[in-house]
**Student:** 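Take a look at the following structure, please.
Each ligand, and each atom within it, is numbered from 1 in the order the structure gives. The structure displayed is predicted, hence computed values, not measured ones. All values below come from the heavy atoms of this structure, side chains included, with hydrogens, waters and symmetry mates left out. One-based numbering along the sequence shown.
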Amino acid sequence: MSEPSILVQRRAGYRVVTLNRPDRLNAFNDAMHEALRAAIDEAEADEDCRAVLLTGAGRAFCSGQDLNDRLLKPGEKPVPRESLEKYYNPLVRRLHALPFPVVAAVNGVAAGAGANIALACDIVIAARSASFTQSFARIGLIPDSGGTYILPRLIGEARARALMLTAEPVPAEQAADWGMIWRCVDDDQLIPEAIALCEQFAIAPTQGLALIKRALDASATNTLDQQLNLERDLQREAVMSPDYAEGVRAFMEKRKPNFRGRKAE
Ligand code: T3D
C-alpha cells in the first residue's frame, strides 16, 4: 500500500497536518489536494480543534504543482487545467476563512503554489535552511494561489515584482527581515516553536481569534471608514461572548482564563 499523501496527527486542541510526498518535494497532485481538503474539513468539523499546524515531510515544505502531471507527450497539445478553480483557489480561500489560526511551519524549500499556500496561512515560521521561491516564471506561468495579492501586501510592490519576474529564491532569514513571514528559527527549533504556538491557540479565545482574522482579511480592501464600521460590528460580537466575560473575570481574579474555544454557550 502506498503512503498517504497527507498525514494528520490529532493533538489536544489542535492538529498537525503534514504534506507527505517527500520524493517529489511534496508537490501537489490531485490526490494530495483531495486528502488535504478532507483533513481541513475534518479539522473544521471538530469543535475541539482550535488550530492547525501545516508542515512538510522530508527536506521540503512544498514544491507546488506536480509537474509530472503536466508533461506533454511529443505532439500532444496542451489542455486547459482547472487546478486553480478546483483546488488552489478554494484552498487559499479556506485557509483565510477557517475559524481558527493556521500555522505554517516551513521546514525547507517552498516553491510555486507551495510558497503561496504557506504565505496564505495565518502565521508562517520558517527553518533557517528554508526558502521561498516564486518559481512560476521559470516555466512560463504566472504566480497563483493568491501570490500576486498577498506577497505585495506583505513585502511591498518593488520586492514582490522583482521576485516574481526573476524567480529568485528568498532565504528564510531574508523573508523574516522583509516581513514576509513571522519568524525564522534554527532548524531544530521549527517544530517545537510551531507546536508551542498551537498549544497557546488550543486554550485561546478561539471565537475572538476568528473575528480578528475576519477584520484583517477585510482591511486589505476596505476604506478606513468601512473598517471602523466593521471593527464596531465585530467588537459587538466579541463583547457579547462568554470568553470576553471570562477573560475579564480571570484578569480581575488574577488567574488563568478558561475559554470555551469554538463551543457555543
Ligand atoms: O498546471 C497547473 O495546474 C497550473 C498550476 C500551477 C501551480 C504551481 O505550483 S506551478 C509551479 C510548479 N513548481 C515548480 O515549478 C517548482 C519545481 N521545482 C523546483 O524548481 C526545484 O525542484 C526546487 C527549487 C523546488 C528544489 O530544487 P532542488 O535542487 O532542491 O531539488 P530538485 O533536485 O530540483 O528536486 C528533487 C526531486 O523532486 C527531483 O526529482 P528526482 O530527480 O530526484 O527524481 C525533482 O524532479 C522533484 N520535484 C521537485 N519539484 C517538483 C518535482 N517533481 C514534480 N513536480 C515538482 N513541482
**Student:** Salt bridge check, Arg232 against Glu237: does any charged N sit closer than 4.0 Å to a carboxylate O?
**Tutor:**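 Answer for the salt bridge query: no.
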**Student:** Would a 4.0 Å cut-off, counted as strictly less than, catch a protein heavy atom around atom 20 (O) of ligand 1?
**Tutor:**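 There is a protein heavy atom less than 4.0 Å from atom 20 (O) of ligand 1.
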**Student:** Show the atoms of ligand 1 that are less than 4.0 angstrom away from any heavy atom in Asn68.
**Tutor:**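 Contacts of ligand 1 toward Asn68, numbered from 1: 53 (N), 54 (C).
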**Student:** Give the intermediate values and the outcome of side-chain contact (heavy atoms from CB on, under 4.5 Å) for residues Ile125 and Leu197.
**Tutor:** CA-CA 10 Å; Ile125 311 180; Leu197 258 183; 3.7 Å; yes
**Student:** Going by the atom numbers of ligand 1, which of them fall below 4.0 Å from some non-hydrogen atom of Leu141?
**Tutor:**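 Within the 4.0 Å cut-off of Leu141, ligand 1 contributes 6 (C), 10 (S).
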**Student:** Which residue and atom name correspond to the protein heavy atom nearest atom 18 (N) of ligand 1, and how close is it?
**Tutor:**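 Protein heavy atom with the smallest distance to atom 18 (N) of ligand 1: Ser63 CB, 4.5 Å.
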**Student:** Suppose we measure from atom 32 (P) of ligand 1 to each protein heavy atom; which comes out shortest, and what is that distance?
**Tutor:**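 Its nearest protein heavy-atom neighbour is Arg59 NH2, 4.0 Å.
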**Student:** Would you mind running through ligand 1 and noting each atom that sits below 4.0 Å from a heavy atom of Gly64?
**Tutor:**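 Ligand 1 atoms under the 4.0 Å threshold to Gly64: 9 (O).
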**Student:** Do the side chains of Glu246 and Arg260 get close enough for a salt bridge, i.e. N-O under 4.0 angstrom?
**Tutor:**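 No, no charged N to carboxylate O under 4.0 Å.
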**Student:** Taking the side chain from Arg21 and the backbone from Ser5, do they hold a donor-acceptor pair closer than 3.5 Å?
**Tutor:**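 Answer holds: no.
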**Student:** State whether Tyr149 and Arg153 meet the cation-pi test: NZ (Lys) or CZ (Arg) under 6.0 Å from the six-membered ring centroid, and within 45° of the perpendicular axis.
**Tutor:**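 That pair qualifies as a cation-pi contact.
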**Student:** If you measure from the Lys or Arg side-chain nitrogens to the Asp or Glu carboxylate oxygens, is any gap between Asp217 and Arg214 under 4.0 Å?
**Tutor:**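 No.
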**Student:** So, does Asp186 use its side chain to make a donor-acceptor pair with the main chain of Arg128 at under 3.5 Å?
**Tutor:**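 No; judged by distance alone, with no hydrogens or angles, the pair does not exist.
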**Student:** Numbering the atoms of ligand 1 from 1, which are under 4.0 Å from a heavy atom of Arg70?
**Tutor:**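 Listed by number with element: 1 (O), 2 (C), 3 (O).
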**Student:** Among all the protein's non-hydrogen atoms, which is closest to atom 22 (O) of ligand 1, and how far away is it?
**Tutor:**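 Minimum-distance protein heavy atom for atom 22 (O) of ligand 1 reads Leu25 CD1, 3.8 Å.
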**Student:** Does the Glu193 side chain pair with the main chain of Val185, one donor and one acceptor, at a distance under 3.5 Å?
**Tutor:**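 No; zero donor-acceptor contacts below 3.5 Å.
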**Student:** When the aromatic ring centroids of Phe28 and Tyr88 are compared, is their separation below 6.0 Å?
**Tutor:**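 Yes.
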**Student:** Got a protein heavy atom sitting under 4.0 Å from atom 39 (C) of ligand 1?
**Tutor:**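 Under the 4.0 Å cut-off, atom 39 (C) of ligand 1 has no protein heavy-atom neighbours at all.
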**Student:** I'd like to know if Thr133 contacts ligand 1, where contact means a heavy-atom distance under 4.0 Å to any ligand atom.
**Tutor:**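 The answer is no: ligand 1 sits nowhere under 4.0 Å from a heavy atom of Thr133.
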**Student:** Heavy atoms only: which of Asp23, Asp144, Asp66 lies closest to atom 7 (C) of ligand 1?
**Tutor:**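 Selected option, by shortest heavy-atom distance: Asp144.
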**Student:** Could you list which atoms of ligand 1 come closer than 4.0 Å to a heavy atom of Ala111?
**Tutor:**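 By the 4.0 Å cutoff, the relevant atoms are 25 (C).
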**Student:** Distance below 4.0 Å between atom 36 (C) of ligand 1 and any protein heavy atom?
**Tutor:**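 It does; a protein heavy atom is within 4.0 Å.
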**Student:** Judged by modelled atom types alone, do Tyr87 and Glu82 share a side-chain donor-acceptor pair under 3.5 Å?
**Tutor:**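 Side chains of Tyr87 and Glu82: no pair found under 3.5 Å.
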**Student:** Should Ser83 be counted as touching ligand 1, given the test is an N or O pair under 3.5 Å?
**Tutor:**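 It does: an N or O of Ser83 is found under 3.5 Å from an N or O of ligand 1.
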**Student:** Regarding ligand 1, does Tyr88 bring an N or O atom to under 3.5 Å of one of the ligand's N or O atoms?
**Tutor:**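 For ligand 1, there is no N or O atom that lies under 3.5 Å from one belonging to Tyr88.
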**Student:** Whether the side chain of Arg262 engages the backbone of Cys49 through a donor-acceptor N/O pair (distance < 3.5 Å, no angle test) should be reported.
**Tutor:**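 Answer holds: yes.
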**Student:** Are any non-hydrogen protein atoms located under 4.0 Å from atom 42 (O) of ligand 1?
**Tutor:**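 So atom 42 (O) of ligand 1 lacks protein heavy-atom neighbours under 4.0 Å.
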**Student:** Is the backbone N or O of Leu98 less than 3.5 Å from a side-chain atom of Lys213, with the two atoms forming a donor-acceptor pair by type?
**Tutor:**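 Indeed, once roles are kept as given, a pair shorter than 3.5 Å links the two residues.
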**Student:** What is the closest protein heavy atom to atom 57 (N) of ligand 1, and at what distance does it sit?
**Tutor:**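 Answer for atom 57 (N) of ligand 1: Gln65 O, 2.8 Å.
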**Student:** Look only at the side chain of Asp66 and the backbone of Asn68, and say whether a donor-acceptor pair between them is shorter than 3.5 Å.
**Tutor:**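 Looks like yes, one N/O pair under 3.5 Å.
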**Student:** Below 4.0 angstrom, counting only protein heavy atoms, does anything approach atom 30 (O) of ligand 1?
**Tutor:**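 Looking at atom 30 (O) of ligand 1, one finds that a protein heavy atom does lie closer than 4.0 Å.
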**Student:** For the pair Gln134 and Asn116, evaluate side chain to side chain donor-acceptor pair (under 3.5 Å) and give the outcome as yes or no after the intermediate values.
**Tutor:** CA-CA 8 Å; Gln134 297 293 321; Asn116 292 335; 2.7 Å; yes
**Student:** Could you see which bit of Phe136 sits under 4.0 Å from ligand 1, with heavy atoms only: side chain, backbone, both or neither?
**Tutor:**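 Phe136 to ligand 1: side-chain contact only, backbone stays beyond 4.0 Å.
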**Student:** What are the atoms of ligand 1, with element, lying closer than 4.0 Å to any heavy atom of Arg138?
**Tutor:**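 Once the distances to Arg138 are compared, the set is 20 (O).
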**Student:** Tell me which protein heavy atom sits closest to atom 55 (N) of ligand 1, plus the residue, atom name and distance to 0.1 Å.
**Tutor:**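 Checked against all protein heavy atoms, atom 55 (N) of ligand 1 sits closest to Leu67 N, 2.9 Å.
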**Student:** What do you think, any protein heavy atom under 4.0 angstrom from atom 9 (O) of ligand 1?
**Tutor:**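 Yes; the ligand atom in question has protein heavy-atom contact below 4.0 Å.
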**Student:** May I ask you to identify the nearest protein heavy atom to atom 14 (C) of ligand 1, giving residue, atom name and distance to one decimal place in Å?
**Tutor:**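 Checked against all protein heavy atoms, atom 14 (C) of ligand 1 sits closest to Ser135 OG, 3.5 Å.
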**Student:** Is a side-chain donor or acceptor of Arg183 paired with a backbone partner of Ala126 at a separation under 3.5 angstrom?
**Tutor:**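 No; judged by distance alone, with no hydrogens or angles, the pair does not exist.
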**Student:** Does an N or O anywhere in Ala27 fall below 3.5 Å from an N or O of ligand 1?
**Tutor:**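 N/O-N/O distance under 3.5 Å: no.
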**Student:** Pairs of nitrogen or oxygen atoms closer than 3.5 Å, one from Gly112 and one from ligand 1: do any exist?
**Tutor:**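 No: no nitrogen or oxygen of Gly112 is under 3.5 Å from one in ligand 1.
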**Student:** Among all protein heavy atoms, pick the one closest to atom 48 (N) of ligand 1 and tell me residue, atom and distance.
**Tutor:**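 Nearest protein contact, heavy atoms only, for atom 48 (N) of ligand 1 is Arg24 O, 4.0 Å.
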